[in-house]
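Taking it in order: structure first as structure tokens, then the write-up.
Here the structure is a predicted model, which means the values were calculated and not measured. Atom set for the values below is all heavy atoms of this structure, side chains included, hydrogens, waters and symmetry mates excluded. For reference, positions follow the sequence shown, starting with 1.
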Amino acid sequence: MINVDHVYKYFGKNQVLKGADLKIEKGERVAIVGPSGSGKSTLLRCMNLLEEVTYGEVWLDDKLLTPVDPYLHYDIIEKSNTFKKLYAARADKVGEEGARAEIIRQIKQNDLLKRAEGREFSAAVKTFYKANILDINVARQRMGMVFQQFNLFNNMKVIDNLIYAPTKLKVMNKAEATEKAYSLLKRIDLTDKANVYPNSLSGGQKQRVAIIRSLMMSPEVMLFDEPTSALDPEMVGEVLALIKEVADDGMTMAIVTHEMKFAREVATKVVFINDGVVAEQNTPDKFFDDPQNPRLKDFLSKVL
């Protein structure tokens, strides 16, 4: 469903993601764990382009969300002026196939592609992009996102927070959206809070409202960015219980979390991010009981 393909992310000179690869299949519940600063939240935010990737590509159901990364497509690299120039100088010495593979490797390893690589190259990039691109606004309707800090509109009542996106995007009319909103508020036992402002809610209540706000759009996948990190400990349980309930409904989800017990109980796959790459991934039992990566072993020894 979601394919993160060799994604790099720079913030200025700071390299946060260093070629991260991750596939999330439909129906999977993926917990993303790792030390602070390892790139977990950045990886999640790259999935729906809240952060723009520097290199690499993100795909949703075989549709491209990011610009084309020519380094991932050998047939596009071969149309570049850089490739043609290097190939002409090497093919007679090492043979056609040997030269092709060696030059592509050289171009990728040394980041040799330039902004202007000729008309044939530009046409190939544009053709590939047009054939595969999915409008990001359409993609974001299919991917719900829940943040650490709730991100509710404090100048709107709870009910208005819930109906704003589906009515603004004309997914539902106001009556339909209001009916669905009250149904979801009933699900989390907060119908009495429909006409209050978010500032009057507890942290746990705000986060539960933020979750059902995402559910208002009937997303196919939910992304959670450390949804309990801003909560008092006594409020964590009620939010995790709602996320588990959403997971039990069959929702595809990726959740960045420090809650290891929750990850083990709810996830179908646990992913360890370290130093900007996916260092290990496995089923919860194998991930926690038989880790292979030395850094993961060290991490689990400190957090469990």
Side-chain angles (χ1 to χ4, degrees), residues 1-25 30 32 34 38-40 42-49 51-136 139 271-281 292-293 295:
M1 185 167 193
I2 299 177
N3 182 20
V4 177
D5 190 1
H6 218 57
V7 165
Y8 289 76
K9 176 60 184 177
Y10 289 80
F11 292 97
K13 294 183 178 180
N14 183 27
Q15 187 178 9
V16 178
L17 295 178
K18 304 175 182 179
D21 292 295
L22 179 62
K23 286 187 178 181
I24 301 174
E25 303 293 347
V30 178
I32 302 172
S38 60
K40 305 184 300 298
T42 300
L43 176 63
L44 197 75
R45 292 171 68 87
C46 283
M47 290 183 193
N48 67 353
L49 296 197
E51 297 293 351
E52 184 177 341
V53 304
T54 306
Y55 296 106
E57 295 174 347
V58 179
W59 294 72
L60 176 64
D61 280 343
D62 299 322
K63 285 295 184 180
L64 183 64
L65 304 185
T66 57
V68 179
D69 184 348
Y71 286 109
L72 298 179
H73 306 283
Y74 291 178
D75 57 333
I76 294 179
I77 291 177
E78 289 177 335
K79 291 177 172 60
S80 67
N81 288 340
T82 296
F83 176 88
K84 293 172 184 176
K85 181 179 178 180
L86 292 172
Y87 185 80
R90 298 284 296 173
D92 59 334
K93 298 178 181 179
V94 296
E96 292 184 7
E97 284 305 312
R100 176 180 178 274
E102 182 179 329
I103 291 166
I104 287 174
R105 182 169 58 250
Q106 181 183 351
I107 289 173
K108 292 179 69 172
Q109 287 179 346
N110 297 288
D111 191 14
L112 296 182
L113 293 181
K114 304 174 181 65
R115 186 175 297 275
E117 286 285 355
R119 291 182 179 179
E120 189 180 8
F121 176 83
S122 296
V125 171
K126 289 179 182 177
T127 299
F128 187 90
Y129 182 81
K130 288 180 179 179
N132 293 283
I133 192 64
L134 176 66
D135 183 86
I136 186 58
V271 174
F272 177 61
I273 306 291
N274 185 57
D275 196 26
V277 298
V278 175
E280 188 164 337
Q281 55 184 304
Q292 301 299 305
N293 183 279
R295 182 66 183 91

* Evaluate the side-chain contact (heavy atoms from CB on, under 4.5 Å) criterion for residues D275 and R295: first the C-alpha distance (whole Å), next the side-chain angles of each, then the deciding distance (0.1 Å), finally the verdict. => CA-CA 10 Å; D275 196 26; R295 182 66 183 91; over 6 Å; no
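- With rounding to the nearest 0.5 angstrom, the CG atom of N3 is 10.0 Å from the CE atom of M47.
- Interatomic distance, CZ of R100 versus CD of E78, reported as 4.0 Å (0.5 Å rounding).
- Listed by chain and number, the residues in a side chain to side chain contact (heavy atoms under 4.5 Å, CB included) with A139 are L60, L65, L134, I136, M143 (sequence neighbours excluded).
- L43 contributes atom CG, which lies 12.0 Å from atom CZ of R45 (distance to the nearest 0.5 angstrom).
- Applying the 6.0 Å contact sphere to CG of D62 captures no more than 12 heavy atoms from other residues, nucleotides or ligands.
- Without hydrogens or angle criteria, E57 side chain to D69 main chain gives a donor-acceptor distance under 3.5 Å.
- Summarising the geometry of G276 relative to A20, their closest heavy-atom pair is O-CB, 3.9 Å, with the distance given to 0.1 Å.
- Note on ring orientation: taking the six-membered ring where Trp is involved, the planes of Y55 and Y8 are perpendicular (angle over 60°, cut-offs 30° and 60°).
- Considering only heavy atoms from C-beta on, V277 comes within 4.5 Å of K18 through its side chain.
- Residue I133 holds its CD1 atom at 8.0 Å from CG of D135, rounded to the nearest 0.5 Å.
- Considering NE2 of H73 and CD1 of I104, their distance stands at 12.5 Å, rounded to 0.5 Å.
- Counting heavy atoms from C-beta outward, V16 and F11 have side chains that approach closer than 4.5 Å.
- At a threshold of 4.5 Å between non-hydrogen side-chain atoms, the residues V53 and K9 do not count as touching.
- Under the 3.5 Å distance criterion, the side-chain polar atoms of N110 are left unmatched by any main-chain donor or acceptor of L112.
- Proximity of a side-chain donor or acceptor of T66 to a complementary backbone N or O of V58 within less than 3.5 Å is detected.
- Side-chain contact between K84 and E120 is present, with at least one heavy-atom pair separated by less than 4.5 Å.
- A 4.5 Å side-chain heavy-atom check between F121 and T82 finds every atom pair outside the cut-off.
- Heavy-atom minimum distance, N274 versus A279: CB-CB, 4.2 Å.
- Here the side chains of D5 and D21 are in contact, with some heavy-atom distance below 4.5 Å.
- Put simply, the side chain of E117 does not reach to within 4.5 Å of the side chain of V125, judged on heavy atoms.
- Judged by distance alone, with hydrogens and angles left aside, the side-chain atoms of T127 form no donor-acceptor pair with the main-chain N or O of A124 at under 3.5 Å.
- Between F83 and Y87, the ring planes lie parallel to each other; the angle is under 30°, not in the 30° to 60° tilted range.
- Scored by the side chain to side chain contact (heavy atoms under 4.5 Å, CB included) test, Q281 finds L22, K269, V271, V278 as partners (sequence neighbours excluded).
- Judged by the 6.0 Å and 45° rule, K13 forms no cation-pi pair with Y10.
- Taking CD1 of I107 as the start and CD of E102 as the end, the distance is 11.0 Å to the nearest 0.5 Å.
- With hydrogens and angles disregarded, no donor-acceptor distance shorter than 3.5 Å links the side chain of E51 to the backbone of C46.
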